[in-house]
Protein chains: 2
Amino acid sequence: MLSMKAKYALKALGYLARKPDTRFGIERIAEAENIPYKFLEAILTELRKSNVIDSKRGAAGGVKLARAPKDISIGDVIRLMDGPIALLPCASITRYRACDDCPDEAACRLRQVMIDARLAIADVLDERTLADLASRSPLPSERRLTDDDLG
Amino acid sequence: MLSMKAKYALKALGYLARKPDTRFGIERIAEAENIPYKFLEAILTELRKSNVIDSKRGAAGGVKLARAPKDISIGDVIRLMDGPIALLPCASITRYRACDDCPDEAACRLRQVMIDARLAIADVLDERTLADLASRSPLPSERRLTDDDLG
DNA sequence: CATAATTCCTACTTATCCTATAGGAATAAA
DNA sequence: TTTATTCCTATAGGATAAGTAGGAATTATG
């Protein structure tokens, strides 16, 4: 499961992605997305330090995305907030770490399964971006065959 | 990430899966797989209560799988130990729960992404079983084209 | 310049979960 | 009866999650 932190981050970023060039106050985002204000503030601080958002202080200040929505993947946001996507450290691509209890990693069947799992899920999460959270058009998985598809 | 509990469970069950009809003592499994003995004991108690393993007390006692390795999926073991596989409660099939902060689930773009992610990962984890952890033959993802395939 | 609006920073809290560990009771085989 | 084993209850230390509080710093605006 994602932490609330990661979930709130994605919701807030999805909100920003709908108007990527507008600066919004944290309070407004918090209210719109039902996120505790102070918690969201802390989350956005992290996202700023990771250069995902760009913020401005003072009156008429606020936050906005640092890049185009399509250039910020869901997977990256999750990694920033919750760490690796893989289910075992030894199956992580971005943050590999050996299991200290494993005598022979190359022969570990569990690892191979977990690598397959991590590839499957990262395929989805790295393909989808904040643009998908903002758009009104259906995601790939939501598409149905139409007459156009059938030619 | 999986908890140590889930990882140890899978390793122990993988060990049992290599000789499904033999009863092994917990101590032996703990040593073979580098799992803290008392911790493993607690884990196996849970697995017994969930009818994954079958245990016998006393001298010459021990544990063995309650079913054939191929009938125990990796996904199910993870669900028993760590809970739902989905990244959000609202994207879980086996343990759906609405997000209390979500005003309109049907319109939630994030949910749709998370449903796709959960389908992708469950596809792998529910397809693979303890038999895959025991076998010496390559998993699907490990297969390479051979002359037979090209034949 | 004063004021109001806003983010930024530091610290704190509270509860829950994770990862075990300890000791002995119950059971079963030899 | 002894020995090997699982079963049960209890405990514990540390980390993490999910916030909360208060004020400092910054900026636009009248």
Side-chain angles (χ1 to χ4, degrees), chain A residues 1-12 16 22-66 78 80-84 87-89 99-101, chain B residues 1-12 16 22-66 78 80-84 87-89 99-101:
Chain A
M1 286 275 168
L2 293 185
S3 66
M4 296 305 278
K5 194 169 113 182
K7 176 174 150 187
Y8 290 158
L10 287 167
K11 288 180 69 175
L16 293 176
T22 310
R23 225 175 258 288
F24 291 99
I26 296 176
E27 192 170 9
R28 174 158 171 193
I29 305 172
E31 275 167 17
E33 298 291 341
N34 288 310
I35 303 171
Y37 172 73
K38 276 294 193 179
F39 195 12
L40 179 57
E41 208 180 80
I43 291 167
L44 291 178
T45 295
E46 266 191 74
L47 289 172
R48 175 181 50 82
K49 289 183 177 162
S50 307
N51 297 313
V52 174
I53 62 171
D54 165 72
S55 65
K56 196 179 161 193
R57 287 174 164 197
V63 300
K64 68 185 190 69
L65 296 184
I78 292 176
L80 282 172
M81 297 289 109
D82 283 359
L87 294 180
L88 289 181
C99 299
D100 28 344
D101 55 303
Chain B
M1 286 277 167
L2 294 186
S3 65
M4 296 305 277
K5 194 169 115 183
K7 177 175 149 187
Y8 290 158
L10 286 167
K11 288 180 69 175
L16 292 177
T22 310
R23 224 173 260 287
F24 292 99
I26 296 176
E27 192 170 9
R28 175 158 172 192
I29 305 172
E31 275 168 16
E33 299 291 342
N34 288 309
I35 304 171
Y37 172 72
K38 277 295 193 177
F39 196 11
L40 179 57
E41 208 180 80
I43 291 167
L44 291 178
T45 296
E46 266 189 76
L47 290 172
R48 176 180 51 81
K49 289 183 178 163
S50 307
N51 297 312
V52 174
I53 62 170
D54 165 73
S55 65
K56 196 179 160 193
R57 288 176 164 195
V63 299
K64 67 185 190 68
L65 297 183
I78 292 177
L80 281 173
M81 297 289 109
D82 283 0
L87 293 179
L88 290 181
C99 299
D100 28 344
D101 55 302

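The chains referred to below are lettered A, B, ... by the order of the sequence lines, with proteins before strands, and numbering in each begins at 1.
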Quiz prompt | Under 4.0 Å protein heavy-atom contacts per nucleotide of nucleotides 10-15 of chain D, with B for base, S for backbone only and - for none | solution = ------

Quiz item: Is a side-chain donor or acceptor of B/D82 paired with a backbone partner of B/S3 at a separation under 3.5 angstrom?
Solution: yes

Practice problem: Let me have a per-nucleotide readout for nucleotides 2-15 of chain C, 5' to 3', with B, S or -, counting only protein heavy atoms under 4.0 Å. | Solution: ---BBBBB------

Practice problem: Heavy atoms only: give me the nearest B/V63-B/L16 pair and the separation to one decimal. | Solution: O-CD2, 3.7 Å

Quiz item: To the nearest angstrom, how far is A/K11 atom NZ from D/dA18 atom P?
Solution: 14 Å

Practice problem: Using whole Å, report how far CD1 of B/I53 lies from C1' of D/dT5. | Solution: 13 Å

Quiz item: Could you give the CE-to-P distance, from A/M4 to D/dT20, as a whole number of Å?
Solution: 11 Å

Quiz item: Atom CE in B/M81, atom NZ in B/K7: separation rounded to 0.5 Å?
Solution: 15.5 Å

Quiz prompt | Separation of atom CG in B/D82 from atom P in D/dT16, rounded to whole Å | solution = 16 Å

Self-check item: Length of the NZ-P vector between B/K64 and D/dT5, whole Å
Solution: 18 Å

Self-check item: Heavy-atom side-chain proximity of A/M4 to A/I35 below 4.5 angstrom
Solution: no

Practice problem: Indicate the atoms forming the closest heavy-atom contact of B/A60 with B/R23, along with that distance. | Solution: O-CD, 4.3 Å

Quiz item: Over how many whole Å does the gap from B/F39 atom CZ to C/dC17 atom P extend?
Solution: 14 Å

Practice problem: Measure from CE on A/M1 to P on C/dC17 and round the result to the nearest Å. | Solution: 14 Å

Show every donor-acceptor pair shorter than 3.5 Å between a side-chain atom in residues 39-53 of chain B and any protein atom, with sequence neighbours excluded, or say none if there are none.
{"residue": "B/E41", "atom": "OE1", "partner": "B/K38", "partner atom": "NZ", "Å": "3.4"}
{"residue": "B/E41", "atom": "OE2", "partner": "B/Y37", "partner atom": "OH", "Å": "3.0"}
{"residue": "B/T45", "atom": "OG1", "partner": "B/E41", "partner atom": "O", "Å": "3.0"}
{"residue": "B/E46", "atom": "OE2", "partner": "B/K5", "partner atom": "NZ", "Å": "3.1"}
{"residue": "B/S50", "atom": "OG", "partner": "B/E46", "partner atom": "O", "Å": "3.1"}

Self-check item: Separation of atom CZ in A/R23 from atom P in D/dT27, rounded to whole Å
Solution: 11 Å

